[in-house]
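FYI, the numbering just counts along the sequence from 1.
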Amino acid sequence: VQLQASGGGLAQTGGSLRLSCAASGRIFRIDNMGWYRQAPGKQRELVAAIASGGKANYTDAVKGRFTISRDNAKNTVYLQMNSLKPEDTAVYHCNAGLRQLSTWYQAYDYWGHGTQVTVSS
């Protein structure tokens, strides 16, 4: 199983970026999917998460600006980031709690490689 993230880059304050993360492999089911971020010198923090049924939650710092969504048919999670601020600068990591075909009874955490988001002031 692999998680492939894309969509990071450089944006100006007030701009927008969209991150995508696609899971591939012998997947039985994906439970929760989410995005975390880690800024230099800071701990990794949860940005947003979405359950298989679509219920989403966000950290307070991004509420009203970021939107998480998922396409279950494509095993993909998205993070639309609007009204970006310099403090959003970080490496963003996608995460999925998923069940492989061979171990369908147990969900395990998988991580994608990080994608850099830089917001200039």
Side-chain angles (χ1 to χ4, degrees):
V1 173
Q2 288 187 333
L3 298 183
Q4 183 68 43
S6 61
L10 177 65
Q12 293 186 334
T13 296
S16 299
L17 287 172
R18 189 189 194 212
L19 306 182
S20 300
C21 179
S24 61
R26 295 176 59 80
I27 298 170
F28 174 71
R29 189 178 75 195
I30 301 178
D31 297 337
N32 292 333
M33 303 186 83
W35 291 94
Y36 289 72
R37 66 186 180 186
Q38 187 166 18
K42 295 187 177 181
Q43 290 188 333
R44 184 177 296 189
E45 64 171 348
L46 174 65
V47 177
I50 185 167
S52 57
K55 183 177 181 180
N57 63 82
Y58 301 88
T59 189
D60 287 346
V62 308
K63 284 180 179 177
R65 300 188 297 121
F66 291 9
T67 302
I68 190 170
S69 61
R70 61 189 286 173
D71 184 332
N72 291 331
K74 296 181 178 180
N75 291 332
T76 300
V77 62
Y78 305 95
L79 186 68
Q80 178 66 44
M81 304 184 293
N82 298 329
S83 302
L84 284 163
K85 302 176 180 181
E87 50 263 44
D88 295 319
T89 296
V91 177
Y92 285 70
H93 301 266
C94 62
N95 168 270
L98 64 84
R99 304 165 190 262
Q100 292 194 62
L101 288 173
S102 58
T103 55
W104 56 268
Y105 47 85
Q106 178 69 51
Y108 293 93
D109 265 350
Y110 291 84
W111 292 89
H113 64 85
T115 185
Q116 178 71 44
V117 170
T118 303
V119 184
S120 63
S121 57

Original post:
Do Met81 and Val47 have side-chain heavy atoms sitting under 4.5 Å apart?
Top reply: no

Subject >> Nearest heavy-atom neighbours spanning Gly34 and Ile68 >> reply: CA-CD1, 4.1 Å

**OP:** Considering only NZ, NE, NH1 and NH2 on the basic side and carboxylate oxygens on the acidic side, decide whether Asp60 and Lys63 come within less than 4.0 Å.
**Re:** yes

Subject >> Side chain proximity check, Thr103 to Tyr105, heavy atoms < 4.5 angstrom >> reply: yes

**OP:** Check whether any side-chain heavy atom of Thr67 sits under 4.5 Å from a side-chain heavy atom of Tyr58, and report yes or no.
**Re:** yes

Original post:
Can you tell me how far the NE2 atom of His113 sits from the OG atom of Ser6, to the nearest 0.5 Å?
Top reply: 7.5 Å

Subject >> Which atom of Trp104 lies closest to which atom of Leu101, heavy atoms considered >> reply: CD1-O, 3.7 Å

Original post:
Heavy-atom count around Glu45 CD within 6.0 Å, excluding the residue itself: above 12?
Top reply: yes

Original post:
Should Ser24 and Asn75 count as side-chain neighbours, where that means a heavy-atom distance under 4.5 Å?
Top reply: no

**OP:** Would you indicate whether Glu87, at its atom CD, is surrounded by more than 12 heavy atoms from other residues, nucleotides or ligands within a distance under 6.0 Å?
**Re:** yes

Original post:
Looking only at heavy atoms, what is the nearest atom pair of Lys74 and Thr76, with distance?
Top reply: O-OG1, 2.8 Å

Original post:
Using a distance-only test with no angle check, is there a side-chain donor-acceptor pair under 3.5 angstrom linking Ser16 and Asn82?
Top reply: yes

Original post:
Around atom CD of Gln106, are there more than 12 heavy atoms of other residues, nucleotides or ligands at under 6.0 Å?
Top reply: yes

**OP:** Report the relative orientation of the aromatic rings in Tyr92 and Phe66; use parallel for angles under 30°, tilted for 30 to 60°, perpendicular for over 60°.
**Re:** tilted

Original post:
Got a sec, which residues hit salt bridge (charged side-chain N to carboxylate O under 4.0 Å, His left out) with Lys55, two or more places apart in sequence or on another chain?
Top reply: none

Please tabulate, one pair per line, all N/O donor-acceptor pairs under 3.5 Å involving side-chain atoms of residues 114-121, not counting sequence neighbours.
{"residue": "Thr115", "atom": "OG1", "partner": "Gly8", "partner atom": "N", "Å": "3.3"}
{"residue": "Gln116", "atom": "NE2", "partner": "Ala90", "partner atom": "O", "Å": "3.4"}
{"residue": "Gln116", "atom": "NE2", "partner": "Thr118", "partner atom": "OG1", "Å": "3.3"}
{"residue": "Ser120", "atom": "OG", "partner": "Ala11", "partner atom": "O", "Å": "3.4"}

Original post:
Which heavy-atom pair separates Arg65 from Ser83 by the least distance, and what is that distance?
Top reply: NH1-O, 2.9 Å

**OP:** Starting at CZ of Arg29, measure out to CZ of Arg99 and round the result to the nearest 0.5 Å.
**Re:** 4.5 Å

Original post:
Hey, does Tyr78 have a side-chain heavy atom less than 4.5 Å from the side chain of Asp71?
Top reply: yes

Original post:
If you take all heavy atoms of Arg70 and Ile30, which pair is closest and at what distance?
Top reply: NH2-O, 3.2 Å

Subject >> Minimum-distance pair of heavy atoms, taken over all atoms of Asn72 and Ser52 >> reply: ND2-O, 3.4 Å

